[in-house]
Q: 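My questions will all concern the structure given below.
Keep in mind that this is a model prediction, so the values were computed, not measured. Residues: numbered from 1 along the sequence shown.
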Amino acid sequence: MASFSLPQIQDNPDGSWGPSASNIPDKFKFKDIPYAPYSKADKLGRFADWNDLASDGRQNVTGQQTTQMNRGGGPNRRRDPNQAFGSGTASAFGYQHAEDESSFSLVDNKPTTTRRGTGFNRGRGGAARNVGGYNSRGGAKNQRGGPGGRGGAGGRGGYQRRGWRDWDKNGRSRESSVVISPQWNMLEEIEFHRLAKLRLEVDEPEELNSYGRLFPYEKTYDRITTKTEKPLQLVDRIKYNTTTSDDPIIQQLSQQGLAKVYTTDAILSVLMCAPRSVYPWDIVIVREGSNLFLDKRDGGPFDTVTVNENASDPPQDPTPPNPNNPTEKATVPETASINTATSLSLEATYINQNFGFQSVSESGNPPAVDFAHPNPFYGPDETEPLASCGYRYRLFDLGITEDEDIKICVRTEVDAYSPGQGNPKDGQGLVTIRALNEFDPRSQGAGGAPDWRSKLDSQRGAVVATEMKNNSCKLAKWTVQSILAGAETMKIGVVALVFWPQVVAWFQNMPLTSPNQFPKIKYISRANPRDNTRHVILSTASLRPTDFAGQLNVILANGWGIVRTVTDLCMKMPEGKYVLVKDPNKPVIRLYSVPMSTFTGDDDDVGDGSGAEDE
């Protein structure tokens, strides 16, 4: 008679349910050992495949099949309809050099000899002229997987031909806009990709008051073409670029408690367009009681205008000497280059200033318009005439709920008014004026810009598209400033320079302005690409700021979200002084806590940003 025996049950010592973790049966002792599946069609006996190449050209220690040439490009191109198992995919047993090999790259900058008949030549035996196979002249066929074909050299899936000295571009570094002192304490670090996700809808602002005098815009500049160009003139006018804390009107408004945050349109536009910025910048933040003041430093990046900041290879300054190597000499030529980042920034600032002065009519017909109050910065001792400029102090509500009282007071600027468009005192027909400047298109940092004289009239779209790509951040800031000021038109012109010593003297003696408000865009070009001493006005474009913001993909809700985030971050901190710094080489902003004497001249240990690259 058959007998039946109960199987052995492994009871847990603590009496709990489930398998025992301490008393494992013998049949489960290989439980955690990795298992490599295989199919019957595979050849067994290969523990590791040392002949298989990895995707970077080295031996694949994991035995995995490379997929670089799967779409046609490798010399051993094949397609296996059967699913691969076994030693060819046993990656669990392979040792991967992930950390040390991922950052390794081999650089070979030796010149190579170009022979006729290769895939990159235009010769008769080249790959581009062949239909199939190898012809009698030795050229490879231009097929899928071959040189020049899909998946081959220069195609999808293969290596691509690089530009001149592309291997050196990643090694170029910029200096910070301000020297980070050891006394500073970093409080927060925010990446740009986090800023780009923020959103906050803000209603129409409330205008608190207006100051200054506006002259009418000269409409003859709208009819300028490359054939009827006008020279850019040097006009002596006074225009103020006072920081927030030194503004007497903002001081009065802060005492009345009308807002929590106070700033200017130039500072606010940089913060709202921060994810687009490449060059370094810094904002000084002072918290006094429940008020927050966003300031700029004298001589900082807000006093100049950038050029081709967003180009693939933006203009660079000469590399400073290594402070740890006293014998090293700076790579600065005896004659300063006119196409370095600093020289171009000075040139663009000079052009924007003088073009705004030149493009308004001071003849008295039509007459100038005085706002409710005179210019608050023009003292009785001043003798030079004032430039056309109007200041509008506007109040924006950043509250998310009705009970939340977070408002920001912004001093905005407009440059002129357009006659026949309504009453400028009521915010109608206001204009901001800006200028784009051209430099040598063959120099480093030109960003592939076409020659404006030959292309501006016939291919204006191509010129505008190139400028929108190379100066995305600058144009976005100008557009945001125009919208903040409530301007209806933006004039952007194209211009060229005057005598360079005059530019340097002007920059040292004249008060600089922030980028102007309502964009009449003007195109200004050098009379000679290698001469930055003479400029001519080639054209002027009139744009609506809201429409131009859509073309630039500028989302105001994202900008207000960034402002609200920085405001909440600073409101959590105790009273004191803080600095928001854009990293010079990474898409990151950092918030530092600094001593109250920083940037006041009382603290000599803290750098003033000398040697830093202006925005």
Side-chain angles (χ1 to χ4, degrees), residues 202-219 221-222 239-241 263-270 272-273 305 352-353 355-361 366 368-373 375 387-396 408-436 468 471 474-493 513-522 540-552 554-556 559-560:
V202 175
D203 297 333
E204 288 296 319
E206 173 190 355
E207 183 165 351
L208 301 177
N209 229 324
S210 58
Y211 297 79
R213 168 181 289 187
L214 289 180
F215 290 101
Y217 173 75
E218 183 59 64
K219 293 186 177 181
Y221 285 87
D222 291 340
K239 191 172 184 179
Y240 296 92
N241 186 25
T263 185
T264 66
D265 58 351
I267 299 174
L268 191 63
S269 64
V270 170
M272 296 178 70
C273 301
V305 180
N352 273 269
Q353 188 86 328
F355 176 72
F357 299 161
Q358 179 180 344
S359 57
V360 296
S361 175
V369 174
D370 291 324
F371 280 165
H373 303 278
N375 193 308
S388 174
C389 183
Y391 302 99
R392 305 180 73 192
Y393 292 83
R394 315 187 82 193
L395 193 65
F396 296 85
I408 179 171
C409 177
V410 185
R411 186 191 74 206
T412 63
E413 297 181 17
V414 289
D415 303 313
Y417 76 93
S418 181
Q421 300 294 326
N423 188 2
K425 296 181 180 181
D426 297 332
Q428 300 172 352
L430 299 178
V431 178
T432 55
I433 303 175
R434 300 294 182 271
L436 294 172
M468 291 173 62
N471 296 284
K474 178 171 67 174
L475 292 175
K477 289 188 293 185
W478 289 352
T479 306
V480 169
Q481 290 172 12
S482 300
I483 296 176
L484 291 176
E488 295 182 357
T489 309
M490 190 174 168
K491 300 285 185 180
I492 301 183
T513 180
S514 59
N516 294 340
Q517 199 74 31
F518 191 56
K520 282 244 178 196
I521 302 184
K522 293 195 179 293
T540 304
S542 297
L543 306 170
R544 296 186 62 85
T546 52
D547 297 342
F548 195 45
Q551 298 177 20
L552 291 171
V554 175
I555 304 175
L556 288 180
W560 287 121

Q: Salt-bridged, Lys239 to Asp415, with N to O below 4.0 Å?
A: yes

Q: For residues Thr263 and Ile408, determine if any side-chain heavy atom of one lies less than 4.5 Å from a side-chain heavy atom of the other.
A: yes

Q: Just by modelled atom types, is the Leu484 backbone N or O under 3.5 Å from a matching donor or acceptor in the Arg394 side chain?
A: yes

Q: List for me each residue that meets salt bridge (Lys or Arg N to Asp or Glu O under 4.0 Å) alongside Glu206, sequence neighbours excluded, and say none if there are none.
A: none

Q: Does Arg392 reach the main-chain N or O of Thr412 with its side chain, forming a donor-acceptor pair under 3.5 Å?
A: no

Q: Below 4.5 Å, heavy atoms only, C-beta onward: do Tyr217 and Ser359 meet side chain to side chain?
A: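 In contact.
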
Q: Can you tell me how far the CG atom of Asn209 sits from the CD atom of Glu207, to the nearest 0.5 Å?
A: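 Taking CG in Asn209 and CD in Glu207, the distance rounds to 7.5 Å.
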
Q: Hey, does Tyr391 have a side-chain heavy atom less than 4.5 Å from the side chain of Asn375?
A: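 Asn375 reaches Tyr391 side chain to side chain.
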
Q: Taking all atoms of both residues into account, what is the closest heavy-atom pair of Phe357 and Ala387, and its distance?
A: CE2-CB, 3.3 Å

Q: Show the nearest heavy-atom pair for residues Ala487 and Pro545, with the distance to one decimal.
A: O-CG, 3.7 Å

Q: With rounding to the nearest 0.5 angstrom, report the OG to NZ distance, Ser361 to Lys219.
A: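 These two atoms lie 12.0 Å from each other.
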
Q: Atom NZ in Lys477, atom CD1 in Ile267: separation rounded to 0.5 Å?
A: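 Answer for the NZ-CD1 pair, Lys477 versus Ile267, is 12.0 Å.
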
Q: Quick one: does Leu395's side chain get under 4.5 Å of Pro205's, heavy atoms only?
A: no

Q: Is the ring pair Phe396/Trp560 parallel, tilted or perpendicular, if the boundaries are 30 and 60 degrees?
A: tilted

Q: Does the side chain to side chain contact (heavy atoms under 4.5 Å, CB included) test come out yes or no for Leu543 and Trp478, once each step is laid out?
A: CA-CA 12 Å; Leu543 306 170; Trp478 289 352; over 6 Å; no

Q: For the pair Asn423 (side chain) and Lys425 (backbone), establish whether a donor and an acceptor sit closer than 3.5 Å, ignoring hydrogens and angles.
A: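 Looks like yes, one N/O pair under 3.5 Å.
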
Q: Quick one: does Glu488's side chain have a donor or acceptor within less than 3.5 Å of a partner on Gly429's backbone?
A: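 Checked: pair present.
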
Q: How far does SG of Cys389 sit from CD1 of Ile433, to the nearest 0.5 angstrom?
A: 10.5 Å

Q: If you take all heavy atoms of Pro424 and Gly422, which pair is closest and at what distance?
A: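 Taking Pro424 first and Gly422 second, the nearest heavy atoms are CD-O, 3.3 Å.
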
Q: Just by modelled atom types, is the Arg213 backbone N or O under 3.5 Å from a matching donor or acceptor in the Asp370 side chain?
A: no

Q: Roughly how far apart are Arg411 CZ and Asp265 CG, rounded to 0.5 Å?
A: 7.5 Å

Q: Under 4.5 Å between any side-chain heavy atoms of Val480 and Leu268, yes or no?
A: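 The answer is no; the side chains never approach within 4.5 Å.
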
Q: Between Ala476 and Val554, which heavy-atom pair has the shortest distance, and what is it?
A: CB-CG2, 3.7 Å

Q: Starting at CG of Leu552, measure out to OG1 of Thr479 and round the result to the nearest 0.5 Å.
A: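 So the gap between those two atoms works out to 5.0 Å.
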
Q: Quick one: are Cys273 and Lys474 in side-chain contact, heavy atoms under 4.5 Å?
A: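 No. Closest side-chain heavy atoms not under 4.5 Å.
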
Q: Does CG in Asp426 sit with more than 12 non-hydrogen atoms of other residues, nucleotides or ligands closer than 6.0 Å?
A: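 Yes, CG of Asp426 has more than 12 neighbouring heavy atoms, counting only those of other groups under 6.0 Å.
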
Q: Which heavy atom of Ser388 sits nearest to which heavy atom of Ala416, and what is that distance?
A: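 Heavy-atom minimum between the residues: OG-CA, 4.1 Å.
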
Q: How close do Leu214 and Gly390 get, counting heavy atoms only, and between which atoms?
A: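 Distance-wise, the nearest heavy atoms are CD2-N, 3.4 Å.
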
